[in-house]
Amino acid sequence: MGSQLPAGPKSILRSTWGVIRNPKGYFEKAVANYGDPFLMTAMNGPVVVTGKPELVELIFRAPPDTLGVFARDSLLPLLGAGSLLLMEGTKHRAERKRIAPPLHGSCMKTYGNTMQETARNAIKQYESRESFTGLQIGTDISLDVILKAILGADTERLLADFRESTRKVLARSWPILFFSPKTQFPFLGLSPIDRLRSAQQHLREQLRTELERRGREINERDDLLSILARSTDESPARDFEELADSVGTLMFAGHETTAVSIAWAFYHLHRHPVWLHRLREELDASDGRAETYATMPLLNAIVQEALRLNPIVPEVLRIVREPFRLGDYDIPVGHGVAAAGCLTHYDSSVYEAPDDFNPERFLDRTYKPSEYYPFGGGTRRCVGAAFAIYELVIALGTILRSHELELLDQKEVVPIRRNITMGPSTGVRLRVLRRR
Ligand code: HEM
């Protein structure tokens, strides 16, 4: 028998605030005071948090029906029942089967040229500007890339309309809405949830119009929207609302995360010119084709190291649906469990000098899924991970091969909460020094 639950901080308000503001700092303090794992109670309920790889492994290896979606009820009004992020059981497995194939590593070449062209166009815009941020250019690239993957984007107008409405949804996705369901109250169309809903509704109407325009074309097209919309023997058709939830989730999960990662990678590289120099040598020796970037060891190691130091999602959460044993503890049904990447990625028994930016650590070894998990793990691991890595190496490689940038931030840039994700406090301020 396991013992009672682990000790931990008691204040709900302080825990909620700590997790929103600075999860890494808050978790580190809790581990120092109470040990790992510890129990905290935030507004979304009690959660047992761990960063220990042996416990993280138990979370990722748990049978799919034992651990479900954390805070599902409070996320439902924000993401909708058709979102893969909120599905469980057979529905989740079926939806993954539908979404995963076009995002599988073997399909990446299809997207490579678009990713490269998007990165080239993005940096051109900033050549004569006094400054821009890594987050701006990251968003320019990742939003266009995901929209083109979803829509096939045969017309600029279509892309421009969706770009604007997706940005609006994101701008209205306030963190507090995700962390405290009590803030999701309607008020004369003016409350944060009202404003988010109206932006989402607009995006939905655009999708509906586009689907109606396509009609039977969806059976011949190979963009994600058409793939998700058509019915096959394996994946029968769904109603429009579910389809819109599913597409909305891909737009949302598929660009903000990548944009932030691009910004962090620029930041670390320009803070550590030795690595930038070594990367330039690797890039100069390459043929500069989109698909070559995926095979370049140092470029890939740099992306992995940036994702280690700044996991965009600092803790991966699950709710206990069936009694679950986590090390010495029996976690009761209804409690949450969290694998905190922001702790594990800094575990000095796994990573030597964990605070250092040192891509070398990814050149000479690989890590277990419980030691390195910027994309989460187990049956819910990010379905877009291969797509994201492909995009990151192409975006960074393309820009740094053709342009020299300067980091304008003199002080250390720290992670701050954006919505579910954590991003760089200044956005990472840069300027183009020269074309190469
Ligand atoms: C650097 C970029 C990205 C990062 C760091 C990231 C991270 C994550 C994480 C941590 C999760 C939760 C995994 C878990 O619960 O174990 C997740 C889930 C997900 N991600 Fe990503 N992601 C990225 C890019 C993408 C892209 C490009 C797409 C789509 C093309 C995408 C689509 C999704 C979806 C649909 C889920 C839900 C999976 C499920 O519940 O089965 N992500 N992502």
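Since the structure is predicted, the reported quantities are computational estimates derived from the model, not experimental observations. Heads up: numbering here begins at 1 and tracks the sequence. Atoms within each ligand, like the ligands themselves, are counted from 1 in listed order.
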- Answer side chain, backbone, both or neither: which part of Phe375 comes under 4.0 Å from ligand 1, heavy atoms only. both

- Answer side chain, backbone, both or neither: which part of His255 comes under 4.0 Å from ligand 1, heavy atoms only. neither

Selected option - heavy-atom contact closest to [atom], from [options]:
atom: atom 16 (O) of ligand 1; options: Arg318, Met251, Arg381; value: Arg318
atom: atom 30 (C) of ligand 1; options: Val69, Thr258, Ile146, Leu84; value: Ile146
atom: atom 13 (C) of ligand 1; options: Arg380, Arg96, Glu256; value: Arg380

- Judging by distance only, is a nitrogen or oxygen of Ser261 under 3.5 angstrom from one on ligand 1? no

- Query: What do you reckon, does Ile312 have a nitrogen or oxygen under 3.5 Å from a nitrogen or oxygen of ligand 1?
  - Reply: no

Nearest protein heavy-atom contact for [atom]: which residue, which atom, what distance?
atom: atom 42 (N) of ligand 1; result: Cys382 SG, 3.0 Å
atom: atom 35 (C) of ligand 1; result: Val383 CG1, 3.4 Å
atom: atom 25 (C) of ligand 1; result: Ala253 O, 3.4 Å
atom: atom 26 (C) of ligand 1; result: Gly254 CA, 3.4 Å
atom: atom 37 (C) of ligand 1; result: Leu85 CD2, 3.4 Å
atom: atom 23 (C) of ligand 1; result: Thr257 OG1, 3.3 Å

Contacting atoms of ligand 1, where contact means under 4.0 angstrom from a heavy atom of [X]:
X: Phe387; result: 27 (C)
X: Gly376; result: 10 (C), 13 (C), 14 (C), 16 (O)
X: Gly377; result: 16 (O)
X: Val313; result: 10 (C)
X: Val316; result: 14 (C), 15 (O), 16 (O)
X: Pro374; result: 5 (C), 7 (C), 10 (C)
X: Ala388; result: 1 (C), 2 (C), 24 (C)

In this structure, is the centre-to-centre distance between the rings of [Y] and [X] below 6.0 Å?
X: Phe387; Y: Tyr111; value: yes
X: Phe362; Y: Tyr372; value: yes
X: Tyr126; Y: His403; value: no

- Item | Polar contact flag, side-chain donor to acceptor under 3.5 angstrom, Asp245-Ser83 | no

- Item | Between Tyr293 and Ser286, a side-chain donor and acceptor under 3.5 Å | no

- Within 45° of the axis and under 6.0 Å from the centre of the six-membered ring of Tyr267, does NZ or CZ of Arg429 qualify? no

- Message: If we only consider heavy atoms of His92, is any one of them less than 4.0 Å away from an atom in ligand 1?
- Response: yes

Verify the neighbour count for atom [atom1] of [X]: are there more than 12 heavy atoms of other residues, nucleotides or ligands below 6.0 Å?
X: Arg195; atom1: CZ; value: no
X: Arg167; atom1: CZ; value: yes
X: Glu164; atom1: CD; value: no

- Query: Do Pro374 and Ile312 have side chains that get closer than 4.5 Å, going by heavy atoms?
  - Reply: no

- Message: Taking the side chain as everything from C-beta on, heavy atoms only, tell me whether Asp65 gets closer than 4.5 Å to Glu88.
- Response: no

- Message: Ring-plane angle category for Phe266 and His270, please: parallel below 30°, perpendicular beyond 60°, tilted otherwise.
- Response: tilted

- What's the verdict on side-chain hydrogen bond (donor to acceptor under 3.5 Å, both in side chains) for Asn358 and Tyr351, showing C-alpha distance, side-chain angles and the deciding distance? CA-CA 10 Å; Asn358 177 15; Tyr351 301 100; over 6 Å; no

